[in-house]
S.K.: 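Below: one structure in structure tokens.
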Amino acid sequence: MTTDPLSSLPADVREKVYDHPCYSEDAHHHFARLHVAVAPSCNIQCNYCNRKYDCANESRPGVVSEVLTPEQAVRKTLVVGAAIPQLSVLGIAGPGDALASTARTFATFGMIKRYAPDIKLCLSTNGLMLPESMDELAQYNISHVTITINCIDPDVGAKIYPWVRWKGKRIAGREGAAILIEQQQKGLEMCVAAGILVKVNSVMIPGINDEHLKEVSRMVKAKGAFLHNVMPLISSPEHGTHFGTIGQRGPTAEELQALQDACAGDMKMMRHCRQCRADAVGFLGEDRGAEFTLEKIAATEIDLEAAANRRAEVRAKVAEELESKRLRQERLANEKVSRQALVVPLGSARPAQPEPSAPVVRIAVASSGSDLINQHFGHAREFLIYEASSAGVRFLGPRKTALYCTGTDTCGEAESALARSIEALEGCVAVLCSKIGFEPWGALEAAGIAPNGEHALEPIEDAVRAVYEEMRLSGKLAASQGISLRHSA
Ligand code: CLF
Ligand code: SF4
């Protein structure tokens, strides 16, 4: 469960993955990405998209603050790369489709390749024009491509895509969806053949493609996709999307997790996606866009060499940290094997005894990055949810919450934000944070969630494992009231 997922990869793939915050769950604790919004137009229509909003392929709804020219985007990248030395990836993910504005997209990538060659280039697309863009992908050394594939059946596609623009014509319904699907599959195969790492994003739309996505997962794995990211449909009437106006709902957290688990039997799943804006800046889950407006960027001096050196230092430091995490996990796994060996004496014909049944529980974590328990409960905008059991610890995904403590809240606002935080923690037996106030402590306890500030600044998985053991040994897990506990076999 907690063994290093990168260790089994070939060296060239590991190099592409270890510092990419989306392709490696570990990396997302340590490395940042930047999206530059240079691609305003699109060549298809999705029923979950309203062009006033970011591309839902790679974003949560929210207007892009500024559409940039390639020159502005490059300057922004260099400024951000100097201010945030953890920056490892530049992505183009809209606000329309990166390959519907190829001139702008590749002009941006071309300049970054020249001025900051250490930054990885990442592109997100609906896939319609992917096969036609392979020469440029090779020319600019694009190492990572995300294709949003919501279906492989045109009948399902007709319910998601009202039209696609193909060879100058708008083609509606099933026929349009069939063209899109064919192009996506062809593009996926061509990228894999060219050694580009492909992630497939799928938007889960209950009642339309939820069951079908299992088949999509099998198919894209068979064609060589590296990772599958099933994201929930975000749908609200105020977004003005077709699905929003007809009341099409998104999945619940439980439905999403069940589908991700079902797909995981066939391939590696991404569970830490934050459905970023097309102009997102910083670590996944944070948005530092306001620090880098065009005005501020224009007024900033950049020392390219010093910035590149700082990024290299960060990479080396993180590599050390990840290596020590790997060694820790290896030691823990070995200790577990030794304990099991004690149960069955060497040479005994008796089969190994299964571990006694132990609860499988959820534990939430407040973290601002670096893979540590390092955030005050009241400052958390999201909680990371982990599943803990006698088999180990695994990350389930983030859950967004309202900021409880701003220092300026009126009492009533703070109270309702606290209630929303507690709501976001539903189903968890404990929440780990660096600090927590008296009032939320009491409210959490009353809700049956144990607050815990005793593991501040410890690595997340170690702390979750330790708290699980403490609770298990003290009998608190079995005694938990009002919390649904699943039990391992
Ligand atoms: Fe951006 Fe996408 Fe590249 Fe990442 S995001 S273009 S692969 S650098 Fe990442 Fe954001 Fe999820 Fe996208 S968390 S929405 S998967
Ligand atoms: Fe919107 Fe993206 Fe779909 Fe284009 S591909 S319609 S920008 S969600």
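For ligands, and for the atoms within them, numbers begin at 1 and follow the listed sequence. Computed over heavy atoms, backbone and side chain alike; hydrogens, waters and symmetry mates excluded. Numbers here are sequence positions counted from 1.
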S.K.: For ligand 1, which atoms, with element, lie under 4.0 Å from some heavy atom of H20?
M.R.: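 By the 4.0 Å cutoff, the relevant atoms are 4 (Fe), 7 (S), 8 (S).
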S.K.: Looking at P95, which atoms of ligand 2 are within less than 4.0 Å of one of its heavy atoms?
M.R.: 7 (S)
S.K.: With atoms numbered from 1 as shown, which atoms in ligand 1 lie under 4.0 angstrom from a non-hydrogen atom of V89?
M.R.: 8 (S)
S.K.: Cut-off 3.5 Å, side chains only: do D97 and T125 have a donor facing an acceptor?
M.R.: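 Checked: D97/T125 side chains pair up, N/O donor to acceptor below 3.5 Å.
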S.K.: At their closest point, which heavy atom of A116 faces which heavy atom of L78, and how far apart are they?
M.R.: CB-CD2, 3.9 Å
S.K.: So that I can tick it off, tell me whether D261 and R394 are bridged by a salt bridge, with the cut-off set at under 4.0 angstrom between side-chain N and carboxylate O.
M.R.: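 So R394 pairs with D261 through a salt bridge.
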S.K.: Would T148 and Q184 count as a side-chain contact (heavy atoms from CB on, under 4.5 Å) if you check the C-alpha gap in whole Å, the side-chain angles of each, and the deciding distance to 0.1 Å?
M.R.: CA-CA 8 Å; T148 297; Q184 290 172 333; 5.6 Å; no
S.K.: Quick check on contacts: which atoms of ligand 1 are under 4.0 angstrom from a heavy atom of T146?
M.R.: 7 (S)
S.K.: Is it the side chain (CB and beyond), the backbone, both or neither of N229 that lies under 4.0 Å from ligand 1, heavy atoms counted?
M.R.: side chain
S.K.: What closest approach, in Å, do G285 and E382 show between heavy atoms, and which atom pair accounts for it?
M.R.: CA-OE1, 4.0 Å
S.K.: By number and element, which atoms of ligand 2 are closer than 4.0 Å to a non-hydrogen atom of N126?
M.R.: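 Counting atoms of ligand 2 from 1, those under 4.0 Å from N126 are 5 (S).
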S.K.: Who's closest to atom 1 (Fe) of ligand 1 heavy-atom-wise, of H272, M231, H35, R277?
M.R.: H35
S.K.: Taking atom 8 (S) of ligand 2 as the point of reference, which of G96, A100, C49, A98 owns the nearest heavy atom?
M.R.: C49
S.K.: Please confirm if an N, O or S atom belonging to C42, backbone or side chain, lies less than 2.8 Å from atom 4 (Fe) of ligand 2.
M.R.: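 For C42, the answer is yes, given that an N, O or S atom comes within less than 2.8 Å of atom 4 (Fe) of ligand 2.
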S.K.: Quick check: closest heavy atoms across V216 and C151, and the distance to 0.1 Å?
M.R.: CG2-CA, 3.8 Å
S.K.: Got more than 12 heavy atoms from elsewhere within 6.0 Å of CD, E25?
M.R.: yes
S.K.: Between Q275 and ligand 1, find which residue part has any heavy-atom pair under 4.0 Å and reply side chain, backbone, both or neither.
M.R.: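 Just the backbone.
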S.K.: For L284, counting its heavy atoms only, list the atoms of ligand 1 lying under 4.0 Å from any of them.
M.R.: 13 (S)
S.K.: Quick one: ring pair (Phe, Tyr, Trp, His ring centres under 6.0 Å) partners of Y386, sequence neighbours excluded?
M.R.: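 For Y386, the residues satisfying ring pair (Phe, Tyr, Trp, His ring centres under 6.0 Å) (neighbours in sequence not counted) are F395.
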S.K.: Which of the numbered atoms in ligand 1 are under 4.0 angstrom from any heavy atom belonging to R274?
M.R.: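 In order of numbering, the contacting atoms are 11 (Fe), 13 (S).
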S.K.: Under 4.0 Å from a heavy atom of C122: give me the atoms of ligand 1 that qualify, with their elements.
M.R.: 3 (Fe), 6 (S), 7 (S), 8 (S)
S.K.: Heavy atoms only: give me the nearest R362-G427 pair and the separation to one decimal.
M.R.: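 Shortest heavy-atom separation between R362 and G427 comes out as CB-O, 3.7 Å.
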S.K.: Under 2.8 Å from atom 9 (Fe) of ligand 1, can any N, O or S atom of C22 be found?
M.R.: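 Yes.
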S.K.: Going by the atom numbers of ligand 1, which of them fall below 4.0 Å from some non-hydrogen atom of K199?
M.R.: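 What qualifies from ligand 1 is 7 (S), 15 (S).
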S.K.: Heavy-atom contacts with Y48 under 4.0 Å: which atoms of ligand 2 show up? List them by number with element.
M.R.: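 Heavy-atom distances to Y48 below 4.0 Å select 8 (S).
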S.K.: Taking salt bridge (charged side-chain N to carboxylate O under 4.0 Å, His left out) as the definition, give me every residue that meets it alongside R170, ordered by chain and number, with sequence neighbours left out.
M.R.: none
